[in-house]
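First up is the structure itself, then whatever we jot down about it.
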There are 2 protein chains.
Amino acid sequence: MEGFDCATDDPRCYCPLNDVLDLLGRKYVMDIVCVVAVHGTVRFGTLEDHIPAASTSTLSARLDDLEAEGLVTREQYDEIPPRVEYELTDDGADLAERLRPVLEWVQAREHRA
Amino acid sequence: MEGFDCATDDPRCYCPLNDVLDLLGRKYVMDIVCVVAVHGTVRFGTLEDHIPAASTSTLSARLDDLEAEGLVTREQYDEIPPRVEYELTDDGADLAERLRPVLEWVQAREHRA
DNA sequence: CCGTATCCCAAATGATACTG
DNA sequence: CAGTATCATTTGGGATACGG
């Protein structure tokens, strides 16, 4: 991994644990980012349809986390029935773009297996 | 996310949950991959030094998982004292390469904050 | 040195019901 | 529709001690 900003002799040379990485390292989070990225803008119910393994409460909690981290925005429309749209921020889109090669690799690998 | 192999109307269009993604989405796993990638080959104790937040048992368990997924190899030398070297497989190195932009983004972002 | 075995605890998720 | 609240449960992870 040449070029990676990391002096190999420093015990803390690796990309250290932090909030975003912790968040990414939680169930469904990469999936959520991916689904939002693919849709551009997406409603809560749609997310549930796409990630049926995640419970309502978990999905909701992770979306809150993502919003708090500034990776997604939540737009609420006061209609009846209510409608809420989630969308990636510029920052979130940047992350999604970097995540894509990883997800493609995961997909390709599963296909091989 | 144009170009991502995913039809947006399919409820399962996103990169689906699978074993590798689950593994990546666990505490310290991306860190472990990164540390091994940076070192090329690394001993257990060194990994512990680099990721002090992870307990011995957790580190050991994740390394087993990574080996089972074919992402790292474990080479044991019957010396006294014993020595074990972990190394990325070709597959693991491929993943690490794709992970790098993500980790750089995480690092850069933390630096901004 | 490199782990595994145990036990324990906290955190994280699931299920469900209910509300604006 | 889009959640929140609550409760139960699992699972993951920490600490420690011991074995090869």
Side-chain angles (χ1 to χ4, degrees), chain A residues 11 14 16-33 35-36 39-69 71-88, chain B residues 11 14 16-33 35-36 39 41-69 71-87:
Chain A
Y14 72 105
L17 291 179
N18 65 44
D19 293 344
V20 193
L21 200 53
D22 277 358
L23 183 51
L24 281 180
R26 288 181 71 171
K27 225 170 175 180
Y28 311 123
V29 172
M30 292 203 260
D31 301 272
I32 294 171
V33 171
V35 174
V36 179
H39 284 80
T41 145
V42 63
R43 304 179 63 166
F44 185 83
T46 308
L47 277 164
E48 286 200 292
D49 293 341
H50 283 251
I51 315 179
S55 67
T56 304
S57 49
T58 301
L59 202 51
S60 175
R62 291 301 80 73
L63 282 167
D64 285 351
D65 294 342
L66 285 167
E67 196 188 1
E69 280 293 340
L71 299 178
V72 305
T73 56
R74 178 181 181 280
E75 190 80 31
Q76 177 167 355
Y77 300 90
D78 290 325
E79 310 169 350
I80 307 233
R83 180 166 56 101
V84 173
E85 303 270 16
Y86 292 93
E87 196 173 351
L88 292 180
Chain B
Y14 71 105
L17 292 179
N18 64 45
D19 294 345
V20 192
L21 199 53
D22 277 0
L23 183 51
L24 281 180
R26 289 181 72 170
K27 224 169 175 180
Y28 310 123
V29 171
M30 293 202 259
D31 301 271
I32 294 171
V33 171
V35 174
V36 179
H39 284 81
T41 145
V42 62
R43 304 179 62 166
F44 186 83
T46 308
L47 277 164
E48 285 200 292
D49 292 341
H50 282 253
I51 315 181
S55 67
T56 304
S57 48
T58 301
L59 203 52
S60 175
R62 292 300 82 73
L63 283 167
D64 285 351
D65 294 341
L66 284 166
E67 196 187 2
E69 280 293 340
L71 299 177
V72 306
T73 55
R74 178 180 182 281
E75 190 79 31
Q76 177 166 355
Y77 300 91
D78 289 325
E79 312 169 347
I80 307 240
R83 179 166 56 101
V84 173
E85 303 270 17
Y86 291 94
E87 196 172 353

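Convention: sequence-line order gives letters A, B, ...; per-chain numbering from 1. From a predicted model like this one, the values you see are computed outputs, not experimental measurements.
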- A:Tyr28 (side chain) donor-acceptor with A:Ala53 (main chain) under 3.5 angstrom: yes
- Query: First and last nucleotide of DNA chain C touching chain A, 5' to 3', heavy-atom cut-off 4.0 Å?
  - Reply: C:dA12 to C:dG20
Might you list the N or O atoms of the protein lying below 3.5 Å from N or O atoms in nucleotides 2-7 of chain D, with each pair's distance?
unit_1: D:dA2; atom_1: OP1; unit_2: A:Arg43; atom_2: NE; d: 2.7
unit_1: D:dA2; atom_1: OP1; unit_2: A:Arg43; atom_2: NH2; d: 3.0
unit_1: D:dA2; atom_1: OP2; unit_2: A:Gly45; atom_2: N; d: 3.1
unit_1: D:dG3; atom_1: OP1; unit_2: A:Arg74; atom_2: NE; d: 2.9
unit_1: D:dG3; atom_1: OP1; unit_2: A:Arg74; atom_2: NH2; d: 2.6
unit_1: D:dG3; atom_1: OP1; unit_2: A:Tyr86; atom_2: OH; d: 3.2
unit_1: D:dG3; atom_1: OP2; unit_2: A:Tyr86; atom_2: OH; d: 2.9
unit_1: D:dT4; atom_1: OP2; unit_2: A:Ser60; atom_2: OG; d: 2.4

- Does the side-chain contact (heavy atoms from CB on, under 4.5 Å) test come out yes or no for A:Leu66 and A:Ile32, once each step is laid out? CA-CA 9 Å; A:Leu66 285 167; A:Ile32 294 171; 3.7 Å; yes
To check you understand the geometry: which heavy-atom pair defines the closest contact between [X] and [Y], and what is its length?
X	Y	value
B:Gln76	B:Asp78	NE2-OD1, 3.8 Å
B:Leu23	B:Val29	O-CG2, 3.2 Å
B:Leu24	B:Met30	O-CG, 3.8 Å
A:Val72	A:Leu63	CG2-O, 4.1 Å
B:Thr58	B:Ser55	OG1-OG, 2.9 Å
B:Arg62	B:Asp65	NE-OD2, 2.9 Å

- Query: Quick one: B:Ile80 CD1 to D:dG19 C1', roughly how many Å, whole number?
  - Reply: 13 Å
- Task: Using a cut-off of strictly less than 4.0 Å, decide whether B:Ser55 has a side-chain nitrogen or oxygen near OP1 or OP2 of D:dG14.
- Result: yes
- Query: When the ring planes of B:Tyr86 and B:Phe44 are compared, do they come out parallel, tilted or perpendicular, using 30° and 60° as the limits?
  - Reply: tilted
- Task: Apply side-chain contact (heavy atoms from CB on, under 4.5 Å) to the pair B:Asp31 and A:Leu21, showing each step before the final yes or no.
- Result: CA-CA 9 Å; B:Asp31 301 271; A:Leu21 200 53; 3.8 Å; yes
- Query: For the helix from C:dC1-D:dG20 to C:dG20-D:dC1, what is the angle between the axes at its two ends, each from 5 pairs, rounded to 10°?
  - Reply: 60°
